[in-house]
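Just below is one structure, and these are the notes that go with it.
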Amino acid sequence: MTSTPDMDLWPIGNCQVAGLIDRSARLVWGCVPRFDGDPAFSSLLSGKDPSSDDAAGLWAIDLEDCVSIDQEYVRNTAILRSVLTDHHGNSVELIDFCPRFQRLGRTYRPVSFVRIVRPLSGSPRIRVRLRPTRNWGDPNVVRTSGSNHIRYLLEGVQLRLSTNAPVGLLQEERAFRVEKPLHFFLGPDESFSGDIALSIEEMLRYTTQHWQEWTRGLATPFEWQEVVIRCAITLKLCQYEETGAIVAALTTSIPEHEGSERNWDYRYCWIRDAYYTVQALNRVGALDVLEGYLSYLRNIVDEAKGGMIQPLYGVLGEPTLIERVAPRLAGYRGQGPVRVGNQAYEQIQHDAYGQIVLSNVQAFFDHRLFRIAGREDFESLERVGERAWELYDKPDAGLWELRTRQSVHTYSAAMCWAACDRLANAAERLELPERRDFWADRADTMRAKIEQSAWREDTNRMSATFAGDDLDASLLQLLELRFLSPDDPRFRGTLEATEQGLRRGSHMLRYATEDDFGLPHTAFNVCTFWLIEALHFTGRNADARELFEEMLSRRTAAGLLSEDIDPASGELWGNYPQTYSLVGMINCAVLLSQPWSAIR
């Protein structure tokens, strides 16, 4: 079975906690009591072989003499089914999920991980290794036990394993025969009321029903339905439902490429990433994610009081995310450092003002929403628009979060323009002609300045910065923002230059110049999806479909992508699952698919 960590991981979760299961059916990553908490399961970043005697931070259910493992999600759910078979033909079924369903008028989503082991054939023998860590990789966890449970005292959290498996054999990690279904509930340190087997089977039924009903409400395209459904479910898993925050990924510190030290903590809510997430999910009708996120944004805007909006916040809206290194963890494949927190919260990134308005503007028009935006919401967003107007032509760190230099970035300026342009649309909707004209005039002024400052006549392209003549894949987003149209010669020239300068085979770099860490070696997956969209809109639909199919072939067995890919080897790098990449798959599938009328 696999021993070297790779990106072939299966997410499970319930919008409170999430875990990653590897190809050997081991739970190797999972933080408690929420996405950005201490990893009780930290093996993914330990640098150790998870099959070794001293491995920690994992929950393995190992079948003796195992020779094959087949894995798949239960259809249209976040529930993983693994079938483990040994060389004698003995086999077990392993079900992994985090409970999530409606109960007593509320969503039940406890801090818990559930595993069920069912014998399928022969006389299978398993060994259970439940070895949580505390304080970022410390294996010294105090344990106590009772007749049907084991308690684990972690950092600020106590977890209890309730089970109908033999507790003594679990504590000793001794192998035993599976002769009946075994149920494991790792969750709050509370007594488990009722029959554990019946209760967990009921949780499984309810959780299955919940996800399948949620999926049934998606407006999927005709083609690539399974791609869209899996990406949508996983994006939903990245929302911390209590507040509506959407994290950029479920992991921290998986390097952007081998030996790069470009290891960042993505378990926070970036205003930019969340905007793209709700935009994609809106296209397939998952409005619950938008509504939750808008609630989170309203609190962020209230706290800012008309002042600076940070690029990212904690899942509870925390503004301070001090970055530090976790010394006990060697890192993914031993390639540290493992970072906790993200210094980018201190950066100046002006595009956030545009993304806040763009995320909110739908609420003025969409009658499906429970809460339609009104005059008070508009006035609150006007404060955001004022910041966009003040700052659109000022230097910032840009969307790639450069740490050592600033420029006036065309992408940031265009996002600020979009803020004012969309405010004019909202004012029109609210029948506020004076405010409509006010914001439209500002948008016109901003557009003229951006066009004058970013266009390079001699190279026939837009520049990524006002001061230079730089190529950057984010320039392709001028189309999505409706700043340029597909038939505009300036966009055509920019697309040609960007594709020629940044495309590496089937993949797109963000940029090809040195940054704080030297030259980038991997392609940024969402940039390839931006290219696919641009190819489609400029009439190269066959090229777009071919490139999209190529990107789909790079997915993990779970049907997902991380942030980055090595253009030469095709190996995935970067945090996982990455919302940007999942957004790209949804957007391109919706864009390129044949209509449903093709088969009606």
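Using a cutoff of 4.0 Å between basic side-chain nitrogens and carboxylate oxygens, D444 and R442 are not scored as salt-bridged. Of the charged side-chain nitrogens involved, at least one lies within less than 4.0 Å of a carboxylate oxygen, so that D393 and K449 count as a salt-bridged pair. Between R510 and E256 there is a salt bridge, since a side-chain N of the basic residue sits under 4.0 Å from a carboxylate O of the acidic one. Salt-bridge check for E549 with R545: failed, with every basic side-chain N at 4.0 Å or more from each acidic carboxylate O. Using a cutoff of 4.0 Å between basic side-chain nitrogens and carboxylate oxygens, R262 and D564 are not scored as salt-bridged. Taking the charged nitrogens against the carboxylate oxygens, R490 and E496 have no contact shorter than 4.0 Å, which rules out a salt bridge. The residues E571 and R333 are annotated as salt-bridged, a charged nitrogen and a carboxylate oxygen being separated by less than 4.0 angstrom. Between E550 and R554 there is a salt bridge, with a side-chain nitrogen of the basic residue lying less than 4.0 Å from a carboxylate oxygen of the acidic one.
Residues that satisfy the ring-ring contact (aromatic ring centres under 6.0 Å, His included) test with Y276, not counting sequence neighbours, are Y580. In this structure Q225 satisfies the side-chain hydrogen bond (donor to acceptor under 3.5 Å, both in side chains) test with no other residue, sequence neighbours excluded. With sequence neighbours excluded, the residues forming a side-chain hydrogen bond (donor to acceptor under 3.5 Å, both in side chains) with S485 are D487, listed by chain and number. Scored by the side chain to side chain contact (heavy atoms under 4.5 Å, CB included) test, A232 finds W214, L218, L281, I586 as partners (sequence neighbours excluded). With sequence neighbours excluded, the residues satisfying side chain to side chain contact (heavy atoms under 4.5 Å, CB included) with A589 are P221, W224, V228, F548. Residues meeting the side chain to side chain contact (heavy atoms under 4.5 Å, CB included) test with Q594, sequence neighbours left out: F222, E223, A598. Qualifying side-chain hydrogen bond (donor to acceptor under 3.5 Å, both in side chains) partners for D472, counting only residues two or more places apart in sequence or in other chains: W400, S474. W596 pairs by the side-chain hydrogen bond (donor to acceptor under 3.5 Å, both in side chains) definition with nothing, not counting sequence neighbours.
At least one side-chain heavy atom of R461 sits under 4.5 Å from a side-chain heavy atom of D469. S506 is not listed as a side-chain neighbour of M551, based on a closest heavy-atom distance of 4.5 Å or more.
Y293 and T277 share no side-chain donor-acceptor pair at under 3.5 Å. For the residue pair R403 and Q347, no side-chain donor N or O sits within less than 3.5 Å of a side-chain acceptor on the partner. D396 and S412 form a side-chain donor-acceptor contact under 3.5 Å, judged by distance and modelled atom types alone. Side-chain contact annotation: E241 with Q16, donor-acceptor N/O pair under 3.5 Å absent.
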### Query
Given T465 and D470, is the side chain to side chain donor-acceptor pair (under 3.5 Å) satisfied, shown in steps?
CA-CA 6 Å; T465 61; D470 309 303; 2.4 Å; yes

#### Entry: Test log, rule salt bridge (charged side-chain N to carboxylate O under 4.0 Å, His left out), inputs R540 and E546
CA-CA 10 Å; R540 295 168 58 187; E546 180 181 358; over 6 Å; no

#### Entry: Candidate pair R298 and S380, rule side-chain contact (heavy atoms from CB on, under 4.5 Å), full reasoning
CA-CA 9 Å; R298 286 191 288 269; S380 178; over 6 Å; no

### Task
Applying side-chain contact (heavy atoms from CB on, under 4.5 Å), run through T251 and R267 and close with a yes or a no.
CA-CA 6 Å; T251 59; R267 302 167 306 135; 5.8 Å; no

Using residues 365-372 as the side-chain source, report each donor-acceptor pair under 3.5 Å to any protein atom, sequence neighbours left out, with the distance given to one decimal.
{"unit_1": "D366", "atom_1": "OD1", "unit_2": "R368", "atom_2": "N", "d": "3.0"}
{"unit_1": "D366", "atom_1": "OD1", "unit_2": "R368", "atom_2": "NE", "d": "3.0"}
{"unit_1": "D366", "atom_1": "OD2", "unit_2": "Q362", "atom_2": "NE2", "d": "2.7"}
{"unit_1": "D366", "atom_1": "OD2", "unit_2": "R368", "atom_2": "NE", "d": "3.4"}
{"unit_1": "D366", "atom_1": "OD2", "unit_2": "R368", "atom_2": "NH2", "d": "2.7"}
{"unit_1": "H367", "atom_1": "NE2", "unit_2": "R429", "atom_2": "NH2", "d": "3.0"}
{"unit_1": "R371", "atom_1": "NH1", "unit_2": "D377", "atom_2": "OD1", "d": "3.2"}
{"unit_1": "R371", "atom_1": "NH1", "unit_2": "D377", "atom_2": "OD2", "d": "3.3"}
{"unit_1": "R371", "atom_1": "NH2", "unit_2": "D377", "atom_2": "OD1", "d": "3.0"}

Tabulate below the donor-acceptor pairs under 3.5 Å that side-chain atoms of residues 302-316 make, not counting sequence neighbours, or state none.
{"unit_1": "Q310", "atom_1": "NE2", "unit_2": "L312", "atom_2": "O", "d": "3.1"}
{"unit_1": "Q310", "atom_1": "NE2", "unit_2": "P319", "atom_2": "O", "d": "2.9"}
{"unit_1": "Y313", "atom_1": "OH", "unit_2": "Q310", "atom_2": "N", "d": "2.8"}

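A cation-pi arrangement is found for R435 relative to F438, the charged atom lying closer than 6.0 Å to the ring centre and inside a 45° cone about the ring normal.
Sorted by first and then second residue, the pairs that involve residues 440-490 and meet ring pair (Phe, Tyr, Trp, His ring centres under 6.0 Å), not counting sequence neighbours, are W417-F483. Applying the ring pair (Phe, Tyr, Trp, His ring centres under 6.0 Å) test to residues at least two apart or on different chains, the pairs with a partner in residues 248-270 are H257-H521, W264-F517, Y266-W270.
For L519, the CG atom is densely surrounded, since the number of other residues' heavy atoms within 6.0 Å is greater than 12.
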